[in-house]
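For reference, the structure is listed below as structure tokens.
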Amino acid sequence: MVELTKLAQGAISGGHNKEAADLLRASEHLGFALLGGNDRFGGNVSPQLERSIAEHFDELMHRAEKHWKEGKRSSILREIYASSCESASRAFRARAYHQALEFARASEALAHVKLHGPLELGSGHKTLRLESE
């Protein structure tokens, strides 16, 4: 999530506010997925609710896949997107529906981010010094 925040800061600096918003939205959904853990639904879920969850999950993943095909992405975005999609599928198969939907929402948000110049991470270290008064 730190990487997404850094990418969002770079997008803002470059005037790409929509991309920054999508990056931060993805980060938020990843955070909720991780906080939610992989709690599984017990046998008390009605078939109608399970169908509704499955339909929503499929819709999110379809939209993510559709938008992902539409543009170039940086290597870090490709890695995070692939991980989000894989985590969503794994959680869904495990019936950890809350987590699966949050990973799917993160994937869908990442799919909206297009490459506008160098939306890449910086070097990772910065020289800091105190200014004298």
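All values reported here derive from a predicted model rather than from experimental measurement.
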Open item on the list: Quick one, L60 with L101, criterion side chain to side chain contact (heavy atoms under 4.5 Å, CB included). Give me CA distance, side-chain angles, the key distance, then yes/no.
Closed with: CA-CA 8 Å; L60 287 167; L101 290 171; 4.1 Å; yes

Might you point out which heavy atoms bring [X] and [Y] nearest each other, and give the distance in Å?
X	Y	result
A8	A20	O-CB, 3.6 Å
Y97	E50	OH-OE2, 2.7 Å
C85	S107	N-OG, 3.3 Å
M61	A88	SD-CB, 4.1 Å
Y81	A111	CE1-CB, 4.2 Å
L110	W68	O-CZ3, 3.9 Å

TODO: Kindly write out the residues that satisfy side chain to side chain contact (heavy atoms under 4.5 Å, CB included) with Q48, not counting sequence neighbours, or none if the list is empty.
DONE: S46, R51

Open item on the list: For K66, I'd like to know if atom NZ has over 12 heavy atoms of other residues, nucleotides or ligands within 6.0 Å.
Closed with: no

Ignoring hydrogens and geometry, is there a side-chain-to-backbone donor-acceptor pair from [X] to [Y] under 3.5 Å?
X	Y	value
R73	V113	yes
S13	Q9	yes
Q99	A33	yes

Open item on the list: For H112, give me all partners under side-chain hydrogen bond (donor to acceptor under 3.5 Å, both in side chains), at least two apart in sequence or on another chain.
Closed with: E108

When you compare the side chain of [Y] with that of [X], does any pair of heavy atoms fall below 4.5 Å?
X	Y	value
L23	S27	no
F103	E86	no
I76	L4	no
R93	S89	yes

TODO: Can you measure from CZ (R78) to OG (S74) and round to the nearest 0.5 angstrom?
DONE: 7.0 Å

Task: K114 and E19: CA distance, side-chain angles, deciding distance, side chain to side chain contact (heavy atoms under 4.5 Å, CB included) verdict - done: CA-CA 7 Å; K114 305 294 187 249; E19 282 75 12; 4.2 Å; yes

Task: Presence of salt bridge, K6 and E3, under 4.0 angstrom - done: no

Task: SB check E28 R105 (cutoff 4.0 Å) - done: no

Open item on the list: Grouping I, L, V, M, F, W and Y whenever their side-chain heavy atoms are under 4.5 Å apart, do L24 and L30 come out in a common cluster?
Closed with: no

Task: Passing candidate, side-chain contact (heavy atoms from CB on, under 4.5 Å) with L7, options I12, L77, V2 - done: L77

